[in-house]
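Here's the structure we're looking at; comments come further down.
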Amino acid sequence: MSFIKLSGLLLLVTGLYAFSNHRNLQKKVNGINVEFVGEQNLYITQGTVNKLLIQNYGPLTNVTKEKLVLNTIEEVIEANEMVKNAEVFLSVDGKLTSKITQRRPIGRVEGDSKFYLDDDGKKMPFSNSHSARVPIITGDITGKGLEDAYEILKFINQDDFLRKNVIGIHIESLENYQLKFRMEQFVVNLGNIENLAVKFKKFKAFYSKADKDESLNEYAMVNLEFNNQVVCTKI
């Protein structure tokens with residue numbers, strides 16, 4: 001008797017699950033929702049995402065869930081050069097929701113080719129929707145030079161003072177990098193990218209003292225490439 005009751009209960013649960021699953025698959029899309037995760041400077045807009053979906057799938061309103069291939073939709077969105085990651089799902093209220101993480105530019109290359117360098121060190125095209133205020137990279141633009149510039153930019157972005165004040169990286173040559181600051185006229189010569197933490201520690205000590213002495217405007221060059229010292233050239 002207990003076995004019959006257990007079998008009946010199992011059949012009931014299985015039936016309810018199958019019915020619920022069928023109803024879930026028949027749920028229809030009743031709207032499109034685009035959410036941007038993190039930084040709100042939009043290099044790709046909601047309108048662009050909607051247009052991208054329509055171009056690839058046509059109007060998605062009233063399409064049932066069973067006909068949606070969410071992984072494929074994610075791949076279509078992630079194919080856009082402004083997108084780092086996309087997560088697509090159908091919400092409880094029937095909205096086809098795309099949660100998008102954009103690529104984040106940390107440098108702007110101004111050479112024969114013009115593009116951003118993103119926070120993964122990859123080339124990123126300019127956006128028609130937003131222009132990023134990031135340090136400009138100039139000079140002898142090569143693959144190795146950009147790799148080194150990326151390492152400098154990563155360090156700069158971890159330091160509040162440097163992030164607010166460095167506006168340019170000039171690649172004088174391989175192993176010879178110079179920085180331009182927002183308010184000061186002098187150039188900071190880094191040399192190569194070895195011992196960046198030590199070099200910037202020396203620079204900030206110099207800057208703090210010179211700022212206190214009101215002598216920052218007296219310098220044309222601040223050289224950090226020599227061990228244990230800051231060599232300055234006056235105007």
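If you're wondering where the values come from, they're calculated on a predicted model, not measured in any experiment. Hydrogens, waters and symmetry mates are skipped; everything else that's a heavy atom, side chains included, is used.
- The backbone N or O of Leu216 lies less than 3.5 Å from no partner atom in the side chain of Glu184, so there is not a single donor-acceptor pair.
- Taking hydrophobic clusters as Ile, Leu, Val, Met, Phe, Trp and Tyr residues chained together by side-chain heavy-atom distances below 4.5 Å, Leu179 shares a cluster with Leu174.
- Atom OG of Ser91 is separated from atom CG of Asn33 by 7.0 Å, given to the nearest 0.5 angstrom.
- Side chains of Ile100 and Asn85 form no contact here, defined as non-hydrogen atoms less than 4.5 Å apart.
- Nearest heavy-atom pair across Ala220 and Ile235 is N-CG1, 3.8 Å.
- In this structure, OG1 in Thr142 is found 6.0 Å from CD1 in Ile171, a value given to the nearest 0.5 Å.
- To the nearest 0.5 angstrom, Leu53 atom CG is 6.5 Å from Ile73 atom CD1.
- Ring pair Phe181/Phe186 is tilted by interplanar angle, where 30° to 60° counts as tilted.
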Verdict with supporting geometry, Ile136 and Ile167, side-chain contact (heavy atoms from CB on, under 4.5 Å): CA-CA 6 Å; Ile136 295 174; Ile167 61 171; over 6 Å; no

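- Heavy-atom minimum distance, Phe36 versus Ile44: CZ-O, 3.2 Å.
- In this model, no donor atom of one side chain and acceptor atom of the other lie less than 3.5 Å apart for Glu225 and Asn192.
- Under the 3.5 Å distance criterion, the side-chain polar atoms of Lys202 are matched with a main-chain donor or acceptor of Gln229.
- A donor-acceptor pair is defined here as one N or O able to donate and one able to accept, closer than 3.5 Å; no such pair exists between the side chain of Lys154 and the backbone of Asp119.
- The neighbour count for Lys114 NZ, taken as heavy atoms of other residues, nucleotides or ligands under 6.0 Å away, is above 12.
- Checked by atom type and distance alone, the side chain of Gln102 pairs as donor or acceptor with a backbone atom of Asn41 at under 3.5 Å.
- Among all heavy-atom pairs drawn from Leu96 and Leu68, the shortest one is CD1-CD1, 4.0 Å.
- With rounding to the nearest 0.5 Å, the separation of CD in Glu172 from OG1 in Thr138 is 9.0 Å.
- Residues Pro125 and Arg103 form a side-chain contact, since some pair of their non-hydrogen atoms from C-beta on lies under 4.5 Å apart.
- Among all heavy-atom pairs drawn from Lys204 and Phe161, the shortest one is CD-CD2, 3.8 Å.
- Atom CD1 of Ile193 is separated from atom CZ of Phe155 by 11.5 Å, given to the nearest 0.5 angstrom.
- Heavy atoms of other residues, nucleotides or ligands lying less than 6.0 angstrom from CD of Glu35 number more than 12.
- Across all their heavy atoms, Val166 and Pro135 have their closest contact at O-CG, 3.6 Å.
- With hydrogens and angles disregarded, no donor-acceptor distance shorter than 3.5 Å links the side chain of Asn165 to the backbone of Met183.
- A salt bridge links Asp120 to Lys84: one of the charged nitrogens lies within less than 4.0 Å of a carboxylate oxygen.
- When side chains are defined from C-beta on, Leu90 does not count as touching Lys95, because their heavy atoms never get closer than 4.5 Å.
- With Lys99 contributing its side chain and Val88 its backbone, the two residues share no donor-acceptor pair below 3.5 Å.
- Taking the six-membered ring wherever Trp is involved, the centroid distance between the rings of Phe206 and Tyr219 falls below 6.0 Å.
- Side-chain polar atoms of Asn176 and Gln178 form no donor-acceptor pair below 3.5 angstrom.
- The backbone N or O of Arg133 lies less than 3.5 Å from no partner atom in the side chain of Arg108, so there is not a single donor-acceptor pair.
- Contact of the Glu74 side chain with the Ile77 side chain is not registered, since no non-hydrogen atoms from C-beta on lie closer than 4.5 Å.
- Between the Tyr150 side chain and the Gly107 main chain, no donor and acceptor come within less than 3.5 Å of each other.
- The number of heavy-atom neighbours closer than 6.0 Å to CD of Gln185, taken from other residues, nucleotides and ligands shown, is 12 or below.
- If you take CE on Met82 and OH on Tyr116, they are separated by 8.0 Å, rounding to the nearest 0.5 Å.
- Classification of Arg163 and Asp159 as a salt-bridged pair fails, no side-chain N sitting under 4.0 Å from a carboxylate O.
- No chain of hydrophobic side-chain contacts below 4.5 Å, direct or via other Ile, Leu, Val, Met, Phe, Trp or Tyr residues, connects Phe126 to Leu153.
- Both Val83 and Leu70 belong to a common hydrophobic cluster when Ile, Leu, Val, Met, Phe, Trp and Tyr are linked at side-chain heavy-atom distances under 4.5 angstrom.
- Hydrophobic clustering (ILVMFWY, side-chain heavy atoms < 4.5 Å, transitive): Ile152 and Val134 are in distinct clusters.
- Shown here is Gln55, whose CD atom has more than 12 heavy atoms of other residues, nucleotides or ligands within 6.0 Å.
- Residues Asp118 and Arg104 are not paired through a salt bridge, judged by the lack of any N-O separation under 4.0 Å between the basic side chain and the carboxylate.
- In this structure a side-chain-to-backbone donor-acceptor pair under 3.5 Å is present from Thr45 to Thr48.
- Look at Glu147 and Lys144 and you find no salt bridge, because none of the NZ, NE, NH1 or NH2 atoms lies under 4.0 Å from a carboxylate O.
- Residues Met124 and Tyr43 come closest through the heavy atom pair CE-CG, 4.2 Å.
- If you chain together hydrophobic residues whose side chains sit under 4.5 Å apart, Leu190 and Ile141 fall into the same group.
- Atom CG of Asn56 sits in a crowded spot, with more than 12 heavy atoms from other residues, nucleotides or ligands closer than 6.0 Å.
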